[in-house]
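The shown structure was predicted, so the numbers you read here are calculated from the model rather than taken from an experiment.
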Amino acid sequence: MEHRMDEIEAANELSFRVGFSGHSGHLRVEPISTVEHSNPVKLLPDFIPPPAFAKETPKSIKAYIEETYLSPRLDPEEFSPEKSGRQWDFDWFEEAKVHPEPSLPRSVVVPRWELPFRRKKKGSMQENWEPNSVEVDVSELMLGAQDSGSLPRAAGPTKDFLRGSINNRPFRPGGLDDSQSLERSLPEGALNGEWVREVMNGGPAQVSLPSLKKGLDLGNLKAYPYSWNVCKDQSLKSTNDKKLGELSVQFDDLFKKAWEEDVVPESEGDGAPSEAESVKSETEETKDDASIGANEPELSLLDDILSIEAGGSTLTLDGNRDGGAQQQEAWAIIGGSEGIAERFYELVPDMALEFPFELDKFQKEAIYYLEKGESVFVAAHTSAGKTVVAEYAFALASKHCTRAVYTAPIKTISNQKYRDFCGKFDVGLLTGDVSLRPEASCLIMTTEILRSMLYRGADIIRDIEWVIFDEVHYVNDIERGVVWEEVIIMLPRHINFVLLSATVPNTVEFADWIGRTKQKEIRLTVTTKRPVPLEHCLFYSGELYKVCESETFMPQGLKAAKDAFKKKALTAVGGTGSYGRSGSYAGASATHDGHRSQRSEHSSRGKQNKHFGSQFQGSLPGTGGGNQKNGNGQNSWGSRRSDASLCLLLINKLSKKSLLPVVIFCFSKNRCDKSADSLYGTDLTSSSEKSEIRVFCDKAFSRLKGSDRNLPQIVRVQSLLHRGIGVHHAGLLPIVKEVVEMLFCRGVVKVLFSTETFAMGVNAPARTVVFDSLRKFDGREFRQLLPGEYTQMAGRAGRRGLDKIGTAVIMCRDEIPEECDLKHVLIGSATKLESQFRLTYIMILHLLRVEELKVEDMLKRSFAEFHAQKKLPEKEQLLMRKLAQPTKTIECIKGEPAIEEYYEMYSEAEEHSNKISDAVMQSPSAQKFLTTGRVVVVKSQSSQDHLLGVVVKALSANNEQYIVLVLRPDLPSTAQIPLASSNSQDKRSSDFPDGYFLAPKAKRPLGDEGFSTVTSHKGSGVINIKLPYYGASAGMSYEVRGADSREFLCICGSKIKIEQVRLLENVSSVAFSQTVQQLLNLIDGNKYPPALDPVKDLKLKDVTIVEAYRKRTALLEKMAKNKCHGCIKLEEHIKLAKEIKGHREEVNALRYQMSDEALQQMPYFQGRIDVLKEIGCIDADLVVQLKGRVACEMNSGEELICTECLFENQLDDLEPEEAVALMSAFVFQQKNTSEPSLIPKLSKAKKRLYDTAIRLGELQAQFQLQIDPEEYVKDNLKFGLVEVVYEWAKGTPFADICELTDVPEGLIVRTIVRLDETCREFKNAASIMGNSALYKKMETASNAIKRDIVFAASLYITGV
């Protein structure tokens, strides 16, 4: 036998170990891991080896030669398992051996516009007009070929088919008022019917219509006999209006009727009067209302037309839909689907996709509407079967030979859906780093990619029929919610929507917004039914207490848990019982546990924390059996022991009740790892499951190269998986996450510790869901879980078809949650969908490139502005009504009216007063001045004036109540009697009843809130006048009343002598007239005495108040000089002035609300435009410059910093590895990391980039954008992985680079994968700038980071 050494490969392929096994100690050879074979059946080698080589025969040699040299096969380097599924920039369209740039066709087929009454009727009136097509010479379309008007633009080059090009205009978004583009493509005369009217009038046809080169030849038109009777007779006037309306014919009406009813008037074809006649009739018609004599028999046709009731306008041409659009109240249609489910198979006899199970009612309804070509919004709980609707849309697209796009918020969902749909449909996948079969008819992509396609006008959009938005409630996401809104706004009119969402309270509102924005009806199907009902329990000290079942709260369960808690607290105090002691310890240690573990997640430096518990990976499965309860008392665990025992207790309980598999949600990565590691003695899998797990892991990890297979994380997770325990969080490597997900879906992983993302991104239901706590840290603060978040996670409990009921368990450690908190979380309503729309620079730049779509249009259509925009028609009507109101005028008795000026001063003084009165009048220094005899200016209760007065008595310092005498020039001076019934009766009069005696403070019992008195040395403190008291003296009316210190407008510098006893006790008229006289003497002309200086006298320190005080004093002086001051009609006129001003302000406010300026984001927009102008992305006329076009390419980093970095040539002096390391700052997302140690060159580059970012932050702050430069840099540049990426690009193994930082492996991989996308964007930017050196550098950098575990293909895509 021949031995050719080079053919013996068995030794290289099989690593094995020799060991003893069994009781008798047989020697045994065991394989350690296997290599991926081309034939998976022969994956594990046989242990009885065949002879090394079969005997060679001519036949076998021939077969060998054919196999080696003649069979075509893929290049093993390029298509090795490590690289499978990752094809970068692999141009499928280039590979198809077509002419690289086919010459443009000479003609294309475009739809032909027809007059509405020429259109063929199809069934009902409401159906849209379907145009016929006509062949048009391409040269006619080439003008503005990149345009997106109503005529289709010519297709671009094939290489831009998928991703579009920055030079393309986006396709016209659906639902815009298309007036602009229509004017361009169809002349005015054709739109408003003037041309047809001319022909009907007998005028000549248009000499040459734009589309018909030889002009319109209507043949020999004969005059149709008719005549006009122009009646000026009075008898016609008496006919009632309705009759007149029927008789009076205007061509507009006639034309409209014909238009609406599709009737062709014979007069157009058969004949027309001579031109002279027609002109004459035209002029007469304009002069009078031309009416037809009822006795004209020839006009029966016109009578017929007029007798038909006018129907609703069915014109569906783009431009004229405004009328219909504004009238429609609701675009979201609920209901109307009764009977669809029962008669489903009659209604949809030929389904595009058969399902192996009976569909639910909501699924049948949705499918029926999809078949009708309508947009659908499905809101249902997790695992209710929303995917059925998405699948049906895919099937319809395949059937119609169009395309469907499925977009999801998370890459994991995209990958999973790709795997799920692969067998059923022709599917392609487009995410940031993978482009698989983009030519497929069903495309799965992330929303960001769809957005970029829309902005770049990719030609593939023409083919799309359906866009399926999964997890629409993601609109609430602060970071990325805006992308959903942008995509929904930007999608063209021909695309229908399928929206899938969890149940949210305002589904109708959201669907209505989409409908209104896109001018499309959206069918809403909502189902709150859970396929598997849920029960909610509390877990406390080894027992489960049911607190909620089928959406009804059960307080008795909570009460039982509380009783147990109290009981345990008592036994713990007594120290009895074996569990009592450890339980109290558990309570004490776990108090701040959640907080501590979450804080330590960032602070831990060094790798041993990352692989916590790896020291247990070698422990033999057998040893854990006996010491599950007490074996974790090792000192190293410290206070975590109670937590571990609680976990064990729970898992034992669940497994006894056969409630596994379980997902345990912990709200931090650290907590997941530590909880999993604490179960080091637990083994939950049978031996057959162990072998399944081992084989699966070996196959999955075989695609990694040797050193990567032994990464601490992979070894640790494998050891956990063997025992049926899984961990799932963002810190895991993508391949490890996928292995855990797949094994969990197979049901061999029994306990999974996971963070919240598992509920969002992975469709893997369990039997039970456990909540580690009901509080989580959301990046800013610790807070309670929201009901929506709880529902989303709890929804993972209960597997359809397997479980009758799903269980959600809440772990209670040292306290039982309050009933109100529990109720809120368990049965509270989910978070409403709210708009997170915000303007980004990239959005502004993209929109400025397109003339038709203004940034304001985008803002108006956002969900945030939805309510304001919805109310516009009402506001418009309101404005018309306001403007139609007759304006009132003020007639002044003193000549020229000055009341408006006076009212302006009055209202301004009022503003200042309110600001000051509290501050000034309550300041202790002001109280000192307000003593008997102090002159003050007081607000008048009845009129809008201010009055001069004097303090007669300070009733109390603390109550700030005073009795004042005020001059009232507005009252007639004859009024001596108290006007008790007048409207100026003060509300405070009840405080001072007649003869009310105020005891001196010393003689009052404590706590009495009566007024203290400041009596003069004689007198008893009795007030003998009834307040308010009116009188007149010296030709001037006055009033004595109680006043609050807030009513004083200002305190004057003057003080007069007051005889308090004579005024209040003896009520001496002489004393009153003396006081009034003194006050009148102080008035100089119209001027009041000067006020106290707020700074010198009142000792005020606050600058704004001092300023306001001075302004107000000046205004009061000015008002006193005005002729309206003290006028008897002042009150009436002030009311009128107020009304007029109010009316004017209302009109202005309405106009403002209807204008673009009222949009919430408008101030930010202006600021951002200024910033873009300043840095040169756009010029003064808002035309996008080269720099702006480069910024449009930057999707992954902050566009301004990236662009500045490129234009300042910051990457020029760096090597490719250094450049890509610096670029990692744009995409890395974790805030707190250990400080990287950098080479001097990189430190310098980092400093330079940091300075640029600070400069940009300051520039934005300068233009009134709410940006703190330091925060801006912190948010957009995170240098934590610069060193790691540098080492990786240089070729350092992954295990080594993990040691350089405390960032979890999963985040490192995620950053480097995103970095590849950034390299591609920088490469495109370099080609726009014409910088070939940078282009090559980015290509080199991209290749340097693309290797090994970081770019290992997803298991979902390549299959295991």
Side-chain angles (χ1 to χ4, degrees), residues 381-382 528-572 577 579-580 583-584 586-587 590-591 594 642-643 645-667 751 759 765-776 784-799 803-830:
H381 283 299
T382 313
T528 49
K529 183 175 151 278
R530 282 188 181 279
V532 181
L534 272 184
E535 61 173 18
H536 306 268
C537 306
L538 294 179
F539 177 76
Y540 179 69
S541 80
E543 285 304 319
L544 287 172
Y545 301 91
K546 194 187 289 183
V547 287
C548 182
E549 193 172 28
S550 60
E551 307 292 316
T552 49
F553 192 75
M554 300 158 75
Q556 61 274 23
L558 183 63
K559 190 172 180 300
K562 287 213 162 154
D563 293 347
F565 176 66
K566 283 175 191 157
K567 197 171 171 191
K568 182 156 178 193
L570 289 170
T571 54
Y579 259 113
S584 64
T591 326
S642 59
D643 239 13
S645 60
L646 197 62
C647 253
L648 273 172
L649 210 59
L650 172 68
I651 289 162
N652 289 338
K653 182 81 177 171
L654 294 177
S655 90
K656 271 185 203 143
K657 290 198 163 194
S658 65
L659 290 178
L660 298 180
V662 58
V663 179
I664 300 178
F665 285 112
C666 310
F667 296 109
V751 176
R767 174 75 180 81
T768 310
V769 161
V770 174
F771 291 87
D772 180 59
S773 86
L774 285 182
R775 294 175 67 74
K776 72 171 223 182
Q784 286 286 103
L785 275 188
L786 299 170
E789 294 170 329
Y790 180 85
T791 310
Q792 175 89 24
M793 288 185 257
R796 294 286 167 216
R799 297 159 300 177
D803 305 322
K804 282 202 174 64
I805 196 161
T807 312
V809 178
I810 297 162
M811 278 171 87
C812 305
R813 288 188 171 73
D814 48 344
E815 58 177 355
I816 306 286
E818 288 302 317
E819 182 171 343
C820 56
D821 292 346
L822 256 187
K823 262 190 177 164
H824 174 65
V825 172
L826 298 185
I827 51 178
S829 63

Point-to-point distance, once rounded to the nearest 0.5 Å, from OG1 of T768 to CD1 of I651: 11.5 Å
S829 vs P787 side-chain heavy atoms within contact, under 4.5 Å: no
Worked check of side-chain contact (heavy atoms from CB on, under 4.5 Å) between L538 and L822: CA-CA 10 Å; L538 294 179; L822 256 187; 4.1 Å; yes
Distance, nearest 0.5 Å, that separates CD of E818 from NZ of K562: 4.0 Å
4.5 Å side-chain heavy-atom contact, M554 and H536: no
Worked check of side-chain contact (heavy atoms from CB on, under 4.5 Å) between T528 and E551: CA-CA 11 Å; T528 49; E551 307 292 316; over 6 Å; no
Value rounded to 0.5 Å, distance of NE2 in H381 from CD in Q792: 11.0 Å
Atom pair OG1/CG of T791 and L534 - distance to nearest 0.5 Å: 9.0 Å
Option passing side-chain contact (heavy atoms from CB on, under 4.5 Å) with L654 (candidates V751, L649, V770): V770
Nearest atoms (heavy-atom pairs only) where A797 meets T807: CB-O, 3.5 Å
Ring center gap for Y545 and Y540 short of 6.0 angstrom: no
Main-chain N/O of I805 paired with R767 side-chain donor or acceptor, under 3.5 Å: yes
Nearest-0.5 Å distance, OG of residue S773 to CD of residue Q784: 8.5 Å
Residue pair C548 / L826: nearest heavy atoms and the distance that separates them: CB-CD1, 3.8 Å
Where F553 and I827 come nearest, the two heavy atoms and their spacing: CB-CD1, 4.0 Å
side-chain contact (heavy atoms from CB on, under 4.5 Å) assessment of I810 paired with V547: CA-CA 10 Å; I810 297 162; V547 287; 5.6 Å; no
For the student: nearest non-hydrogen atoms of Y790 and A808, plus distance: OH-CB, 3.7 Å
Derivation of the salt bridge (charged side-chain N to carboxylate O under 4.0 Å, His left out) call for K559 and D563: CA-CA 6 Å; K559 190 172 180 300; D563 293 347; 3.7 Å; yes
Chi angles and distances behind the side-chain contact (heavy atoms from CB on, under 4.5 Å) call for K776, L785: CA-CA 7 Å; K776 72 171 223 182; L785 275 188; 3.7 Å; yes
Distance, nearest 0.5 Å, that separates CD1 of I664 from CE of M811: 6.5 Å
Salt bridge (charged side-chain N to carboxylate O under 4.0 Å, His left out) between K568 and D814, intermediate numbers included: CA-CA 11 Å; K568 182 156 178 193; D814 48 344; over 6 Å; no
Considering all heavy atoms, the nearest F667-R775 contact: CD1-O, 3.4 Å
Side chain R530, main chain G795, donor-acceptor under 3.5 Å: no
Shortest non-hydrogen separation from C537 to L544 and the atoms involved: CB-CD2, 4.2 Å
